[in-house]
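Below: the structure, in structure tokens.
Proteins get letters first, then strands, A, B, ... in listed order; numbering begins at 1 in each.
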2 protein chains.
Amino acid sequence: MSTTAPSPPEGGPAQSRPVGITEVAKHAGVSPGTVSNVLNRPERVAEATRLKVEAAIAELDYVRNSSGSSLRSGRSASVGLLVLDVTNPFFTEVARGVEDEAAASGLSVVLLNSAESRERQRGNARLLAEQRAAGAVVMPVDDDLSDLLWLSRQGTPWVALDRGDVAEAVGCSVTVDNHAGGLAAGRHLVGLGHERATFLTGPFGIEQVRRRHQGLRDAFTEAGLDPDARLRLVERPMLNAEQGERAVDAVLAGGPRQRPAAVFCANDQLALGLMKGLGQRGLRVPDDISVVGYDNVDFADLVHPGLTTVAQPKYELGRAAMRLLASELNDPGHRHEQLRFTPELLVRGSTSARRT
Amino acid sequence: MSTTAPSPPEGGPAQSRPVGITEVAKHAGVSPGTVSNVLNRPERVAEATRLKVEAAIAELDYVRNSSGSSLRSGRSASVGLLVLDVTNPFFTEVARGVEDEAAASGLSVVLLNSAESRERQRGNARLLAEQRAAGAVVMPVDDDLSDLLWLSRQGTPWVALDRGDVAEAVGCSVTVDNHAGGLAAGRHLVGLGHERATFLTGPFGIEQVRRRHQGLRDAFTEAGLDPDARLRLVERPMLNAEQGERAVDAVLAGGPRQRPAAVFCANDQLALGLMKGLGQRGLRVPDDISVVGYDNVDFADLVHPGLTTVAQPKYELGRAAMRLLASELNDPGHRHEQLRFTPELLVRGSTSARRT
DNA sequence: ACACCGTGTTGACACGTTTCAATCCGAGTG
DNA sequence: CACTCGGATTGAAACGTGTCAACACGGTGT
């Protein structure tokens with residue numbers, strides 16, 4: 001890394017002072033109020049004057065000052081997107097959905113990262129309140145919603161993403177049916193003849209993974225297999241690839257005879273890490289062990305074999321959340337709504353029938 | 001996907017009207033100006049009064065209104081982050097760096113997605129101007145900087161990320177030496193005994209990939225190998241995995257005898273897609289073909305074999321850019337600076353010596 | 001006693017916009 | 001022609017903050 005420091009003379013002359021609505025009004029021979037109307041309710045102003053004003057705007061190169069307008073109106077035109085972890089590819093797809101839908105409503109998106117920390121979540125809530133944000137799409141960091149409820153009281157409504165269970169009583173929410181996902185994965189494995197399996201998970205405190213686990217259990221029960229006897233649980237402190245790789249010992253514990261024939265992972269990253277670890281041990285997927293993931297991240301079908309996984313409609317999740325928020329902001333007769341998507345099992349190469 | 005619509009009565013009573021600085025002042029028995037000083041320049045106010053004011057703030061649950069302050073001061077406390085594609089994992093790491101550093105300077109980050117479209121870039125620039133953003137970190141969509149220069153003239157400075165070449169004369173920039181990356185990859189391949197190779201790339205209009213290509217060529221030249229005779233170029237319309245997979249025919253064109261022994265991809269996604277395609281053709285990496293990627297996305301070491309790739313310090317890139325911006329905003333004696341990072345080759349399993 | 005100093009504090013004003021009651025105007029009606 | 005009506009426009013009053021010249025005050029040196 002190196003540095004050079006030639007600083008050419010400033011390019012353009014710094015514009016003396018940005019022109020405001022009043023100046024435009026003067027230039028067009030109308031009152032400031034009319035200019036405001038042209039900007040916000042063009043239908044209420046006569047065509048002729050509208051054209052005059054628009055000409056003046058173009059000529060003076062006027063650009064609206066949103067601070068002024070939010071100050072006066074009490075609300076800004078931006079919404080917060082509070083994510084758990086910017087890095088996670090799951091969230092980036094969601095962000096794209098939120099972004100697109102917000103743009104369609106003329107709102108801009110402020111990205112805030114909780115980094116899985118309640119402290120940061122609190123700080124970000126405060127920030128949104130200070131900005132008088134119109135609303136927010138939030139993935140709550142845990143079950144303690146006090147900071148977010150405070151945000152609501154400050155007049156900034158939010159819709160919960162992926163945590164509908166905990167936020168149902170509060171406002172809108174968008175969730176994916178985690179139990180159904182686990183159930184689908186479990187039925188798939190049972191259908192392939194696997195009679196015992198391991199659930200590889202991150203922190204069990206996370207509600208989503210508990211539901212996926214329950215789904216898996218129910219699939220076994222429904223097939224007449226006792227989940228307590230047939231299922232094993234391996235818990236790791238985080239839901240990432242490194243932890244998946246490190247989990248390989250725990251998964252294989254008990255020697256070859258005890259080795260599970262199938263592993264359902266709470267997360268694609270865990271699954272991919274695990275597959276890497278298995279490969280290093282000389283075990284083959286799916287011949288020796290079947291692996292199922294969750295999320296369908298972009299890379300899930302780039303590994304060999306492709307990862308069988310439970311796909312979530314990430315982009316649609318983001319869109320739906322933002323749409324709900326927009327409705328809450330614009331529609332006076334809005335009623336809170338709980339939207340629930342159903343995930344879909346994608347069968348690829350990482351699962352196969354039990355060897356006979 | 002299903003919907004339920006039970007809307008419980010509103011949780012908390014909507015606070016009548018947010019309390020302002022004047023109300024705090026009244027409550028503390030001081031003037032509004034003093035409250036403002038407590039908030040912004042605490043050192044200029046006597047300890048006793050400061051405590052009084054802070055008590056009033058706490059008691060009234062006052063939360064600052066940033067619209068008011070930006071209006072008055074002419075600048076807001078948020079910076080834009082204009083990325084090419086929110087989905088790309090490269091950018092998300094950068095975003096994390098920008099976020100962290102911005103938080104340290106008390107700035108909040110507005111995420112805007114150009115989606116590789118000049119139109120959207122223009123719209124986003126306009127948005128930033130309207131918000132009187134303090135500054136921005138920008139990955140320009142192409143060589144036409146007119147919209148961004150307009151933004152500068154509006155008083156919003158920006159630092160260029162990954163496009164220093166084109167923005168050098170304009171302001172600060174942070175880049176990675178793409179030529180050095182291509183050179184390192186090329187030397188690695190030559191060192192393994194490969195005497196011919198293919199460069200698999202996205203749109204050649206992108207400056208970064210041209211430099212990587214040139215680096216590769218120079219590595220061959222430097223080894224006494226004529227690049228024109230030894231290198232082949234396969235160009236695809238986008239830099240993603242799907243295109244990599246589809247490129248496999250073009251890469252293998254000419255039959256087994258013409259098949260390249262090594263492929264250098266402009267991008268990890270291309271590389272991973274290509275590896276998938278090669279696998280489907282029954283070709284083995286690295287035994288039949290060596291593959292090198294670029295970026296070192298998180299998944300690069302989860303495939304089998306691990307992808308040899310040129311790593312960029314993504315997080316640091318973001319931090320550096322934001323740090324430069326912060327300096328430009330705070331330091332009156334700021335001089336524009338061009339920061340250049342050097343990438344690093346990570347050798348994993350996808351490359352091996354030429355079969356003898 | 002007086003001028004002088006520095007530290008704290010004050011008040012009023014300006015920032016750019018939206019809103020809303022009031023006003024204006026021209027066309028239609030009796 | 002007088003009158004009404006409705007659409008188009010106006011003008012002034014906020015919104016909450018930062019700034020800055022002015023001021024109060026207790027202490028110091030002459």
Side-chain angles (χ1 to χ4, degrees), chain A residues 15-54 56-57 60-78 106 129-134 154-155, chain B residues 15-54 56-57 60-78 106 129-134 154-155:
Chain A
Q15 188 153 325
S16 55
R17 188 178 306 176
V19 3
I21 208 182
T22 55
E23 205 158 338
V24 171
K26 211 166 297 174
H27 197 270
V30 298
S31 90
T34 303
V35 178
S36 175
N37 281 334
V38 170
L39 260 38
N40 302 317
R41 317 219 241 350
E43 72 280 4
R44 291 201 195 170
V45 50
E47 171 122 3
T49 43
R50 204 196 61 210
L51 292 175
K52 265 194 305 182
V53 172
E54 278 167 353
I57 286 179
L60 297 181
D61 195 16
Y62 161 78
V63 10
R64 163 214 210 93
N65 182 332
S66 46
S67 305
S69 89
S70 354
L71 172 58
R72 169 63 217 207
S73 65
R75 285 286 117 194
S76 90
S78 47
E130 291 185 356
Q131 298 185 182
R132 304 294 192 268
Q154 297 298 321
Chain B
Q15 189 154 326
S16 55
R17 187 176 307 176
V19 2
I21 208 182
T22 55
E23 203 157 339
V24 171
K26 211 166 296 173
H27 198 269
V30 299
S31 91
T34 303
V35 178
S36 174
N37 281 333
V38 170
L39 261 38
N40 302 317
R41 317 211 226 18
E43 72 280 3
R44 292 200 193 170
V45 51
E47 170 121 2
T49 42
R50 205 196 60 209
L51 291 175
K52 263 195 308 184
V53 171
E54 278 168 353
I57 287 180
L60 297 182
D61 195 16
Y62 162 78
V63 11
R64 160 211 211 96
N65 183 332
S66 44
S67 305
S69 83
S70 332
L71 172 59
R72 169 63 217 203
S73 67
R75 284 287 120 195
S76 91
S78 46
E130 291 186 355
Q131 298 185 182
R132 304 294 191 266
Q154 298 298 320

- Query: Can you pull the contact range of chain B along DNA chain D, 5' to 3', using atoms under 4.0 angstrom from its heavy atoms?
  - Reply: dC15(D) to dT19(D)

Closest contact, heavy atoms only, [X] versus [Y]:
X	Y	answer
A134(A)	S76(A)	CB-O, 3.3 Å
I21(A)	Y62(A)	N-CE1, 3.8 Å
A56(A)	A28(A)	CB-CB, 3.8 Å

- Item | K52(B) NZ: over 12 foreign heavy atoms closer than 6.0 Å |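 Counting neighbours around NZ of K52(B), more than 12 heavy atoms of other residues, nucleotides or ligands fall under 6.0 Å, so yes.
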
- Item | Side-chain touch L60(A)/H27(A), heavy atoms, less than 4.5 angstrom |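 A side-chain contact exists here, since the closest heavy-atom pair is under 4.5 Å.
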
- Item | Residues forming a side-chain contact (heavy atoms from CB on, under 4.5 Å) with A129(A), sequence neighbours excluded |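 side-chain contact (heavy atoms from CB on, under 4.5 Å) list for A129(A), sorted by chain: W150(A), L151(A), Q154(A), V63(B).
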
- Applying side-chain contact (heavy atoms from CB on, under 4.5 Å), name anything that partners E23(B), two or more places apart in sequence or on another chain.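 Listed in chain order: V19(B).
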
- Which distance, rounded to the nearest 0.5 Å, do you find between the CD of Q131(B) and the OG of S67(B)? 10.5 Å

- Query: Near DNA chain C, under 4.0 Å by heavy atom, which residues of residues 35-50 of chain A?
  - Reply: S36(A), N40(A), R41(A)

- Starting from the first five and the last five pairs of the helix from dA1(C)-dT30(D) to dG30(C)-dC1(D), work out the angle between the resulting helix axes, to 10 degrees.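 Computed from the C1' atoms at both ends, the axes differ by 50°.
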
Apply side chain to side chain donor-acceptor pair (under 3.5 Å) to [X] and list each qualifying residue two or more places apart in sequence or on a separate chain.
X	answer
R132(B)	none
S70(A)	none
S66(A)	none

- Of all of residues 21-29 of chain B, which get a heavy atom below 4.0 angstrom from DNA chain D, listed by number? I21(B), T22(B)

- Quick one: how far along DNA chain C does chain B reach, first to last nucleotide 5' to 3', anything under 4.0 Å to a heavy atom? dG8(C) to dG16(C)

Under 3.5 Å, which donor-acceptor pairs do the side chains of residues 32-47 of chain B form with other protein atoms, sequence neighbours left out?
{"residue": "N37(B)", "atom": "OD1", "partner": "R41(B)", "partner atom": "NH1", "Å": "3.1"}
{"residue": "N40(B)", "atom": "OD1", "partner": "R64(B)", "partner atom": "NH2", "Å": "3.2"}
{"residue": "N40(B)", "atom": "ND2", "partner": "S36(B)", "partner atom": "O", "Å": "3.3"}

- Query: When all nucleic acid strands are considered with a 4.0 Å heavy-atom cut-off, which category describes S69(A): base, sugar-phosphate, or nothing?
  - Reply: sugar-phosphate

